[in-house]
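Everything on this sheet refers to the single structure shown next.
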Protein chains: 2
Amino acid sequence: MAIQNYRWRQHEADEGHQRLQKKRVTLADVARLAGLSTTAASMILTGRPDTRLSADAHAKVHAAAASLGYRPNAAARALRTDKSRTIAFISDYVATTRFASGLIRGALAAAEEAKHVMLVLETGGEPAREIEAVEAALDRQVDGLIFAAMRAREVFVPDIAISIPVVMLNGTSGRFPVSVLPDEYQGGRDAVRLLAEAGHVADIILLGHNAEEEAGLFRSETISRRFAGIRDEMAARGLTFMAELSCWNWEPDHGYGLTRAQLQKQRPRAMLCLNDRLAFGAYQALAEAGLSIPDDVALVSFDNDELASYLRPGLTTIALPHEEMGRTAVELLLHPQGSAGATLPMPVVWRGSIRTERPGS
Amino acid sequence: MAIQNYRWRQHEADEGHQRLQKKRVTLADVARLAGLSTTAASMILTGRPDTRLSADAHAKVHAAAASLGYRPNAAARALRTDKSRTIAFISDYVATTRFASGLIRGALAAAEEAKHVMLVLETGGEPAREIEAVEAALDRQVDGLIFAAMRAREVFVPDIAISIPVVMLNGTSGRFPVSVLPDEYQGGRDAVRLLAEAGHVADIILLGHNAEEEAGLFRSETISRRFAGIRDEMAARGLTFMAELSCWNWEPDHGYGLTRAQLQKQRPRAMLCLNDRLAFGAYQALAEAGLSIPDDVALVSFDNDELASYLRPGLTTIALPHEEMGRTAVELLLHPQGSAGATLPMPVVWRGSIRTERPGS
DNA sequence: CACTCCTGCTAAAACCATTTAGCAAATGCC
DNA sequence: GGCATTTGCTAAATGGTTTTAGCAGGAGTG
């Protein structure tokens, strides 16, 4: 009797505690309030099509769910259905390049629209961390994997059995055919076209030549295609470069140094820069030499780094459509279209570094 | 009989299929191989302290788990324990400022070290999305919430019952006391000290004054403290600004315009810029006026944007320790220290925009 | 010997949702 | 009226883990 009493009190105390902690509302609570079974509640709330439950039942369940503020327990659902409404975004580097944030932002937005959430994992390109990342994601029953290559170089292929959709973002892999890439080839052609249409048919410098990269030695499909586009459009117009300035890292420093050295030999009238950071360096060297942009020297570049809008005059550049790429990767992941990936156009962003009437298109 | 046969084949086909798909190995599989109960396997693999299982049992279970490549099902574990080894990083903007990637990168690294993964959510500062984000995170049983304020302005307080640890990152909230902030006050003092120690005791311009911000009207603890530090150090040294150039958005454009206008009135010998983008604009105006840095005009700035290293000469700046902040937020989330937050020092990054012998510290 | 206390282990419940199989009543059909 | 079909709903199994409660057998104690 004493024990009974004690238990009862204990129980009461627990009840109070629960009320305080607002213990999560479960489907059973909803069903109880609606006066139906959990089966009915589940079917109604998940919007099953072929159920024969009455309109009255629907109304009661929805009302109960709303009044209790029911939210399904994702873990329980994932356990049962093997789906988690979660996707994993596994990238080599998140912060190193600023590309990352655009890709992530686009992916995040698309995921949110599809009522999914995104797990972000960084591997630094290290195989051990890649494996850990994939397994961590798989453990959590993610519905799909995005492998994002920020540096667009090596293709990572963690050798784990993966039975969910995979999309490669800004990179390719022999193992996973669907990838989202910028249309670097057309971008390359466009860059040359821009210069040519502005009247530049001679005295053009190529800044950022890199033979290994161009040969695709790093399997960087993307960059070698950028070169191919440039070469093809130059050839199609019968143009040649006055010089090709080579370097490995496309950083401002190199852009500055190479341009400066070039200016002491022969002055170009136009520069085609392989990325905005190189162009930034070129700006510095040109300013130092007292040359004005675009009148003395015109520049066209690639990426549409934030930098490009900070320069004076603004840098006309062929943009990498990062947000679109991230978004597309998620959409392709959630709604696979066979094994076809996507190649997204690189829009021309007109600023002041090249003088021309903007053509219609 | 025919049906039987069919079923049997079907079954066999299924088996083959499963073998192909490498259906996940479960704890029961491990227990079976080890010849023990799942209870024993669970206790051993989770490393329970007070269990009385034999050394032999331990060995057998570990061997079985290893040989099968067992990985626990996170959903099942989360359902049972209410812990998911997942944290949610909810921020207003991911891509708008480049700060984001540093914060995320630091947080990601710390999470990985603690064997956690990170859910990234973006709200755009919109209340409806904030609520959605918090609920999505809570639904997934995350172990903690980080609210990151990229813009360091408004403090968001989605009014939802939250019973897990919360850390504010780069922002504050009345509701959640523990926050991780840069030591802007000391940063402000340091910036002035740098100038003074380089001999600049007059003709100093403050670029980026903003009365509202300084008054803390946007509850931006951080920025108003940066101002406070600057003011206090100026006062302590008996210095005053030659002029304070005000603007709202700290973008290069404004830095350029304000500096240019200032140069037509009165030439400063030093400039204290509220961020690197403003300093960038100042560089442009100074270059245009034919002034050299640091000989004609010295600059000190804040943030250590990637930009700062691109400039020539490099920009000396008081760095925001983004990675450290992200890392600290996660550590504080996983190992709460009462209601104490963290204030992280802003390191001085010496480059060439101010001439001085580097002091010891 | 009768008793308690360890030791080494396990059965079964619990977590919460989804889903399969099926039941009872009502309806339709001839 | 007898039969099959439809309607509207539910019991119970399922997913994989953790955890509570407790069992059998051996050792120790008086």
Side-chain angles (χ1 to χ4, degrees), chain A residues 3 7 10 14 18 21 23-61 64-65 68-86 138-141 143, chain B residues 14 18 21-61 64-65 68-86 138-141 143:
Chain A
I3 286 175
R7 288 218 166 166
Q10 178 85 3
D14 276 346
Q18 285 179 10
Q21 282 211 345
K23 201 183 174 182
R24 256 190 107 91
V25 174
T26 92
L27 186 62
D29 298 330
V30 174
R32 197 173 310 121
L33 181 59
L36 289 164
S37 67
T38 60
T39 309
S42 172
M43 285 170 153
I44 287 169
L45 290 177
T46 52
R48 264 215 185 184
D50 295 341
T51 180
R52 295 180 303 242
L53 294 159
S54 66
D56 180 54
H58 279 257
K60 281 194 292 189
V61 168
L68 294 176
Y70 170 70
R71 295 199 54 107
N73 178 319
R77 183 175 276 181
L79 177 58
R80 187 66 235 262
T81 61
D82 247 51
K83 303 242 156 290
S84 58
R85 302 197 81 81
T86 302
L138 259 28
D139 288 349
R140 286 168 177 79
Q141 337 265 92
D143 299 342
Chain B
D14 276 346
Q18 285 179 11
Q21 283 211 345
K22 283 184 184 271
K23 200 181 174 183
R24 260 190 103 91
V25 359
T26 90
L27 186 61
D29 298 330
V30 173
R32 197 172 311 120
L33 180 59
L36 289 164
S37 68
T38 60
T39 309
S42 172
M43 285 170 153
I44 288 170
L45 290 177
T46 52
R48 263 215 185 185
D50 295 339
T51 179
R52 293 180 304 243
L53 294 160
S54 65
D56 181 54
H58 279 257
K60 281 193 291 188
V61 167
L68 294 175
Y70 170 69
R71 296 200 50 111
N73 177 320
R77 181 174 277 182
L79 176 59
R80 186 65 234 259
T81 62
D82 245 50
K83 303 241 157 291
S84 58
R85 300 196 83 79
T86 302
L138 258 28
D139 288 349
R140 287 169 177 78
Q141 335 266 96
D143 299 341

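Reminder, nothing fancy here: chain letters follow the sequence lines and each chain counts from 1. The figures here come from the full heavy-atom set of this structure, side chains too, leaving out hydrogens, waters and symmetry mates.
Here the C1' atom of nucleotide C/dA17 and the CG atom of B/Asp139 are 13 Å apart, to the nearest Å. Rounded to an integer number of Å, the gap from A/Arg24 CZ to C/dC16 P is 9 Å. Look at CZ on B/Arg71: it is 15 Å from C1' on D/dT17, rounded to the nearest Å. One interatomic measurement links the two molecules: CG of A/Leu53 to P of C/dT18, which rounds to 14 Å at whole-angstrom precision. We find that CG of A/Asp29 is positioned 9 Å from P of C/dC16, with the value rounded to whole Å. Rounded to whole Å, atom P of D/dT10 lies 12 Å from atom CG of A/Leu27. The separation between A/Leu138 atom CG and D/dG16 atom P is 15 Å, rounded to whole Å. Protein atom CD of B/Gln141 is 19 Å distant from nucleotide atom P of C/dA14, rounded to whole Å.
In this structure, B/Ala57 reaches the sugar-phosphate backbone alone: every heavy-atom distance under 4.0 Å involves primed, P, OP1 or OP2 atoms, never a base. Among the heavy atoms of the strands, none lies under 4.0 Å from A/Ala75.
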Step-by-step salt bridge (Lys or Arg N to Asp or Glu O under 4.0 Å) determination, A/Asp139 to B/Arg24: CA-CA 10 Å; A/Asp139 288 349; B/Arg24 260 190 103 91; 2.8 Å; yes
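The phosphate of D/dG15 (OP1 or OP2) has no side-chain N or O of A/Arg77 nearer than 4.0 angstrom. Here B/Thr81 does not reach the OP1 or OP2 of D/dT19: none of its side-chain N or O atoms lies under 4.0 Å away. OP1 or OP2 of C/dT18 has not a single side-chain nitrogen or oxygen of A/Thr38 nearer than 4.0 Å. Put simply, A/Tyr70 has no side-chain N or O that comes within less than 4.0 Å of OP1 or OP2 on C/dC16.
The CE atom of A/Met43 lies 12.0 Å from the CG atom of A/Leu36; values are rounded to the nearest 0.5 Å. Put simply, CZ on A/Arg80 and CD on A/Gln141 are 13.0 Å apart, with the number rounded to the nearest 0.5 Å. We find the CG-NE2 distance between A/Leu45 and A/His58 to be 9.5 Å, quoted to the nearest 0.5 Å. To the nearest 0.5 Å, atoms OG1 (B/Thr86) and CZ (A/Arg140) are separated by 4.5 Å.
Contacts of A/Arg77 classified as side chain to side chain donor-acceptor pair (under 3.5 Å), with partners at least two apart in sequence or in another chain: none.
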What nitrogen or oxygen pairs link the protein and nucleotides 3-7 of chain C at under 3.5 Å?
none

Please tabulate, one pair per line, each protein N/O and nucleotide N/O from nucleotides 24-26 of chain D that are separated by under 3.5 Å, including the distance.
none

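Checked against D/dC9, C/dA17, C/dG8, the side chain of B/Ser54 finds its nearest nucleotide in C/dG8. Taking every side-chain heavy atom of B/Arg48 into account, D/dT20 is the closest of D/dT17, C/dA17, D/dT20. Across C/dC9, D/dT17, C/dA17, the shortest atom-to-atom separation from the side chain of B/Leu36 is found for C/dC9.
Two residues, B/Leu79 and A/Ala55, neighbour DNA chain D, and the one matched to the more 5' nucleotide by heavy-atom proximity is A/Ala55.
Using a 4.0 Å cutoff on non-hydrogen atoms, the parts of residues 39-47 of chain A near DNA chain C are A/Thr39, A/Ser42, A/Met43, A/Thr46, ordered by number.
Looking at heavy atoms from C-beta onward, B/Leu53 lies in side-chain contact with B/Ile44 at the 4.5 angstrom threshold. Considering only heavy atoms from C-beta on, B/Leu27 stays 4.5 Å or farther from B/Asn73 through its side chain.
Listed by first then second residue, pairs satisfying salt bridge (Lys or Arg N to Asp or Glu O under 4.0 Å) with a partner in residues 25-38 of chain B read B/Asp29-B/Arg32, not counting sequence neighbours.
Comparing the end axes of the helix from C/dC1-D/dG30 to C/dC30-D/dG1, each fitted to five base pairs by superposing C1' atoms of four pairs onto the next four, gives an inter-axis angle of 50° (nearest 10 degrees).
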